[in-house]
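Encoded as structure tokens, the structure appears first; notes follow it.
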Amino acid sequence: MKTIPSFQIDHNILKKGIYISRIDDDITTYDIRMREPNRETVMTNAAMHTIEHLFATYVRNTEFGDNIIYFGPMGCRTGFYFLTRSLSDGYSINLIKEAFQYIADFWGVVPGASPKECGNCLDHNLAQAKEEAKAFLKVIDNWTKADLKYPTAPTEEE
């Protein structure tokens, strides 16, 4: 079998940030990398679950909420995938920043976290989610479209 594109990224040099994972017609998949793979402790399931609920709720309630296809965790627990349709990279970066600011500032009941709404309603941690969001905001504070390309290993000439 062919190696899928996300497994072709050199995780040994991957840093925290926002990257374009793939583009399929008008759908862009962003890699929101909150941990350096295999070098940092992964996020807790509870923090990721709460980030997922808050981020998805925020972005789907914006002006272009209908252009949001998916936001969800990576199995490795180092980040999230965010899929958008027909949104510019600049808008998407700002939306990601706004969503993480929303999480960092959030107080109250986590949306969609009741037993009726959520399949694992006991596995949330708002305090951890807020701390994760605050830390990631520092990483992406000055992130621009020019930063969206995955890092590559230096060649022998470099």
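Nothing here was measured: the structure is a model prediction, and the numbers come from that model.
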Do [X] and [Y] meet the criterion of a side-chain donor-acceptor pair at a distance under 3.5 Å?
X: Asp105; Y: Gln101; result: yes
X: Arg35; Y: Thr41; result: no
X: Asp26; Y: Ser86; result: yes

Any idea which heavy atoms bring [X] and [Y] closest together, and the distance?
X: Thr152; Y: Ile13; value: C-CD1, 3.2 Å
X: Ala113; Y: Cys118; value: CA-CB, 4.0 Å
X: Pro111; Y: Thr57; value: CB-OG1, 3.7 Å
X: Ala104; Y: Ala133; value: N-CB, 3.8 Å
X: Lys97; Y: Leu137; value: O-CD2, 3.5 Å
X: Ala129; Y: Ala47; value: CB-O, 3.8 Å

Item to check | Joint hydrophobic cluster, Ile20 plus Ile93, side-chain heavy atoms closer than 4.5 Å | outcome: yes
Next on the checklist: With a 4.5 Å cut-off on side-chain heavy-atom distances among I, L, V, M, F, W and Y, is there a chain of contacts connecting Tyr91 to Leu83?
Outcome noted: no
Are the side chains of [X] and [Y] in touch, meaning some heavy atoms are under 4.5 Å apart?
X: Ile23; Y: Thr29; value: no
X: His49; Y: Asn120; value: yes
X: Cys76; Y: Arg33; value: yes

Output yes when a side-chain donor or acceptor of [X] lies under 3.5 Å from a complementary backbone atom of [Y], and no otherwise.
X: Arg39; Y: Leu14; value: yes
X: His53; Y: Ile51; value: no
X: Trp143; Y: Ile18; value: yes
X: His124; Y: Ala46; value: no
X: Asn125; Y: Gln128; value: yes
X: Thr78; Y: Glu36; value: no

What is the distance from atom [atom1] of [X] to atom [atom2] of [Y], rounded to the nearest 0.5 Å?
X: Asn67; Y: Thr84; atom1: CG; atom2: OG1; answer: 7.5 Å
X: Ser88; Y: Asn94; atom1: OG; atom2: CG; answer: 8.0 Å
X: Leu54; Y: Ile103; atom1: CG; atom2: CD1; answer: 5.5 Å
X: Asp89; Y: Ile96; atom1: CG; atom2: CD1; answer: 9.5 Å
X: Thr62; Y: Ile68; atom1: OG1; atom2: CD1; answer: 5.5 Å
X: Lys130; Y: Tyr102; atom1: NZ; atom2: OH; answer: 10.5 Å

Checklist entry - Can you check salt bridge (charged side-chain N to carboxylate O under 4.0 Å, His left out) on Asp147 and Lys145, steps first, answer last? => result CA-CA 5 Å; Asp147 299 310; Lys145 184 176 177 173; over 6 Å; no
Checklist outcome for this item: By salt bridge (charged side-chain N to carboxylate O under 4.0 Å, His left out), Glu40 pairs with (sequence neighbours left out) Lys16
Item to check | Partners meeting salt bridge (charged side-chain N to carboxylate O under 4.0 Å, His left out) with Lys134 (sequence neighbours left out) | outcome: Glu131
Checklist entry - Pick from Met74, Met48, Met43: which one makes a side-chain contact (heavy atoms from CB on, under 4.5 Å) with Met34? => result Met43
Checklist entry - How far apart are the C-alpha atoms of Asp10 and Tyr150, what are their side-chain angles, what is the distance that settles it, and do they pass the side-chain hydrogen bond (donor to acceptor under 3.5 Å, both in side chains) test? => result CA-CA 9 Å; Asp10 188 346; Tyr150 280 116; over 6 Å; no
Checklist entry - Do the ring centers of Tyr30 and Tyr19 come within less than 6.0 Å of each other? => result no
Item to check | Test applied, ring pair (Phe, Tyr, Trp, His ring centres under 6.0 Å); reference residue, Phe71; option that passes from Phe80, Tyr81, Tyr58 | outcome: Phe80
Item to check | Sole candidate of Phe136, Tyr70, Phe100 that passes ring pair (Phe, Tyr, Trp, His ring centres under 6.0 Å) when paired with Phe55 | outcome: Phe100
